[in-house]
Amino acid sequence: MKSVLYVSVADPEMGTHEIADLVSHSQSRNSADGITGVMLYNGVNFMQLIEGASAVIDACYSRIQRDPRHSGIVTLRDGPIAVREFPAWAMRYSLVEQPAEVTLNRVRESGAPRADTLDRIAAFVGLNRRGR
């Protein structure tokens, strides 16, 4: 198994409906492909962790890197894992609008994230938020 954690800049033309479509499509495809993980969106950037079979994750991440809805993709982690951090979620989605601790609690309740994952999510939550 493998895990990839990345951040990207969202296409600024994407509205609420386009984000909802992206999330819905990704959840369906991830479920079919055996991919689990979490995605956060702060109004400017995405942060996503995907995990699953190595070949499937490589194919998924390759699609993400070619997707025009993402730019400036930065890979934070890409490597083998022994256990999934978010085994119950084809893709847990969270819009980062709440105080940092609320978002972090939501992520903690969604699975068993590693300490370094929580640290990176905490840093992400501190970035510019929608409407602020």
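For clarity, every value in this text was computed on a predicted model and none was experimentally measured.
- For the pair L76 and L49, the minimum side-chain heavy-atom distance is 4.5 Å or more.
- Remark: the T117 side chain and the R77 side chain contain an N/O donor-acceptor pair separated by less than 3.5 Å.
- Ring to ring, Y61 and Y6 are close: their centroids are under 6.0 angstrom apart.
- The line from CG of L22 to CZ of F46 is 5.0 Å long, rounded to the nearest 0.5 Å.
- Atoms CD1 and OG, on I57 and S62 in that order, are 12.5 Å from each other to the nearest 0.5 Å.
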Worked check of side-chain contact (heavy atoms from CB on, under 4.5 Å) between M47 and R120
CA-CA 9 Å; M47 173 181 258; R120 289 176 173 159; 4.1 Å; yes
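- Here the closest non-hydrogen pair linking V4 and K2 is CG2-CE, 4.2 Å.
- Taking all atoms of both residues into account, the shortest heavy-atom contact from Q48 to M39 is OE1-CE, 3.4 Å.
- Between the side chain of N42 and the backbone N or O of V44 there is at least one donor-acceptor pair closer than 3.5 Å.
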Passes side-chain contact (heavy atoms from CB on, under 4.5 Å), N45 versus V7? Steps please.
CA-CA 7 Å; N45 305 94; V7 293; 5.5 Å; no
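- Side-chain contact check for R106 versus L104: every heavy-atom pair is 4.5 Å or farther apart.
- Alongside V83, the hydrophobic cluster contains no other residue (criterion: ILVMFWY side chains under 4.5 Å).
- Scanning for ring pair (Phe, Tyr, Trp, His ring centres under 6.0 Å) contacts around F86 gives an empty result, with sequence neighbours left out.
- Between E51 and P87 the shortest heavy-atom distance is OE2-N, 4.1 Å.
- Note on V9 and Y41: separate hydrophobic clusters, where clusters join Ile, Leu, Val, Met, Phe, Trp and Tyr whose side-chain heavy atoms are under 4.5 Å apart, directly or indirectly.
- In plain terms, the two heavy atoms of E85 and S3 that are nearest each other are OE2-OG, 4.4 Å.
- Contact record, I50 with C60: CD1-SG, 3.9 Å, taken as the closest heavy-atom pair.
- A distance of 11.0 Å separates CG in D21 from OG1 in T16, rounded to the nearest 0.5 Å.
- Two residues are said to be in side-chain contact when any heavy atoms from C-beta on lie closer than 4.5 Å; D11 and H70 fail this criterion.
- None of Q65, R69, R63 except one satisfies the side chain to side chain donor-acceptor pair (under 3.5 Å) rule with D67; the exception is R69.
- The two residues I64 and I73 have their closest heavy-atom pair at O-CD1, 3.7 Å.
- Between N30 and T36, the closest side-chain pair of non-hydrogen atoms is not below 4.5 Å.
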Should D119 and R114 be marked as a salt bridge (charged side-chain N to carboxylate O under 4.0 Å, His left out) after you check the CA-CA gap, both sets of side-chain angles, and the distance that decides it?
CA-CA 9 Å; D119 288 346; R114 298 174 2 182; over 6 Å; no
